[in-house]
Engineer: 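This is the structure I want to talk about, given as structure tokens.
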Number of protein chains: 2
Amino acid sequence: MTTAPSPGRQRSTRQAQAIEAALARADGFRTAQELFGALRDDGQSVGLTTVYRHLSLLAETDRADVVHTAEGEAQYRLCGPRHSGESDGVEPETHHHHIVCRECGRSVEVSGPEVEAWADRVAAEAGYTDITHTVELFGRCPEHSAR
Amino acid sequence: MTTAPSPGRQRSTRQAQAIEAALARADGFRTAQELFGALRDDGQSVGLTTVYRHLSLLAETDRADVVHTAEGEAQYRLCGPRHSGESDGVEPETHHHHIVCRECGRSVEVSGPEVEAWADRVAAEAGYTDITHTVELFGRCPEHSAR
DNA sequence: GTAGCTGCAAACAATTTGCACACCG
DNA sequence: CGGTGTGCAAATTGTTTGCAGCTAC
């Protein structure tokens, strides 16, 4: 056998960049379909399939967060080191949740030690093990709040 | 105009009872498809469409709780006054959440004043309004816990 | 040159809807 | 009877997979 020809790294393609860029630019949660549309409108036509594939990939490698709409649609958001001066300094590594704006998809990350603790405690009390939890908050961001 | 001929009450049909019975018997969250299968196996053949219709109806009238699987499937559970002696005495009216067993669907209701409070506080801090939240816990019930 | 990408079309799974017929009251 | 409930088949929607061609390295 030959020496491993470099462990199947990820190739740098136009599509991959376009998708990641669009997602970065969005600064909020977006569904695959939305991104697909945005890219098309932008002239950066990318196959829907490809969008899905990259989004799943980003999610798997923890480079993007995922939440599920009430209707079951998946929404993605890039979650790299892009907090310049957040007051609570939530780190990307930390397990966290989001408040997503129902109108524009803009979101705020929130770390909820209390919730994690609560979940673990309640689960333990009930005798349940191997717990995983889902916590998603939806609302209207300041900009889209009815006064 | 004639006098309202009795406000479209719900008719008592074999299917409606079968579905509700199956759901009651299940004592845990079940998907529409699972119930459909269970009923068919039971000889109580009911159309899948009908199962879906009754499940939605039960959910709308708050007679059943709904949670969504990680894969996006909807699971239903009858939530009538069926707690004989729960220690924390969570009432059906109260907004609550569940710990659902990944293996058997059996669940425990948990009221989480702390979570509600946390959600409201965090949302307010971020300036978000009109908040709704989703909290779902999945795990393994004592019976299905690996030791 | 070749394995890893792409993307179109078809496959899929969960859920909904149209519509003719059955059945409760 | 009369309208509500039922269920089959077809339509929808979000997402995945098969596979032939393209492309980065």
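First the proteins, then the strands, lettered A, B, ... as listed; each starts at 1. Owing to the predicted nature of the structure, the values given are computational and were not obtained by experimental measurement.
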Engineer: Over how many whole Å does the gap from A/Ile19 atom CD1 to C/dC5 atom P extend?
Structural biologist: 13 Å

Engineer: Using residues 53-60 of chain B as the side-chain source, report each donor-acceptor pair under 3.5 Å to any protein atom, sequence neighbours left out, with the distance given to one decimal.
Structural biologist:
{"residue": "B/Ser56", "atom": "OG", "partner": "B/Tyr52", "partner atom": "O", "Å": "2.8"}

Engineer: Counting only side-chain nitrogens and oxygens, does A/Gln15 get under 4.0 Å of the OP1 or OP2 atom of C/dG7?
Structural biologist: yes

Engineer: What pairs with B/His97 under ring-ring contact (aromatic ring centres under 6.0 Å, His included), at least two apart in sequence or on another chain?
Structural biologist: B/His95, B/His133

Engineer: Given side chains that start at C-beta, do those of B/Glu109 and B/Arg77 come closer than 4.5 Å, heavy atoms only?
Structural biologist: yes

Engineer: What is the separation between atom CZ on B/Phe36 and atom P on C/dT16, rounded to the nearest whole Å?
Structural biologist: 15 Å

Engineer: Figure out the CD/P separation between A/Gln33 and D/dG14, and round it to whole Å.
Structural biologist: 5 Å

Engineer: Rounded to the nearest angstrom, tell me the gap between atom CD in B/Glu34 and atom P in C/dA13.
Structural biologist: 16 Å

Engineer: Run the ring-ring contact (aromatic ring centres under 6.0 Å, His included) test against A/His68 and tell me which residues pass, sequence neighbours left out.
Structural biologist: none

Engineer: When the nearest nucleotide of DNA chain C is assigned to B/Leu48 and to A/Gly47 on a heavy-atom basis, which residue is associated with the more 5' position?
Structural biologist: A/Gly47

Engineer: Quick one: A/Glu73 CD to D/dT16 C1', roughly how many Å, whole number?
Structural biologist: 16 Å

Engineer: Would A/Val108 and A/Val135 show up in the same hydrophobic cluster when neighbours are defined by side-chain heavy atoms closer than 4.5 Å?
Structural biologist: yes

Engineer: Please assess A/Gln17 against A/Ser12 for the test side-chain contact (heavy atoms from CB on, under 4.5 Å), listing each intermediate value before the final yes or no.
Structural biologist: CA-CA 7 Å; A/Gln17 298 180 358; A/Ser12 173; 2.9 Å; yes

Engineer: Near DNA chain D, which residues from residues 51-61 of chain B have a heavy atom under 4.0 Å away?
Structural biologist: B/Arg53, B/His54

Engineer: Does any part of the side chain of A/Phe29, heavy atoms only, come nearer than 4.5 Å to the side chain of A/Glu34, both counted from C-beta?
Structural biologist: no

Engineer: Out of D/dT15, C/dA14, D/dT6, which has the shortest distance to the side chain of B/Thr50?
Structural biologist: D/dT6

Engineer: According to the salt bridge (charged side-chain N to carboxylate O under 4.0 Å, His left out) rule, which pairs have a member within residues 40-49 of chain A, sequence neighbours left out?
Structural biologist: A/Arg25-A/Asp42

Engineer: Distances under 3.5 Å only, N/O to N/O: pair up the protein atoms with those of nucleotides 21-24 of chain D.
Structural biologist:
{"residue": "D/dT23", "atom": "O2", "partner": "A/Arg11", "partner atom": "NH1", "Å": "3.2"}

Engineer: What is the distance from OH of A/Tyr76 to C1' of D/dT15, rounded to the nearest Å?
Structural biologist: 9 Å

Engineer: For A/Glu71 and D/dT12, give me the distance from atom CD to atom C1', rounded to whole Å.
Structural biologist: 14 Å

Engineer: Do A/Thr13 and A/Arg11 meet the criterion of a side-chain donor-acceptor pair at a distance under 3.5 Å?
Structural biologist: no

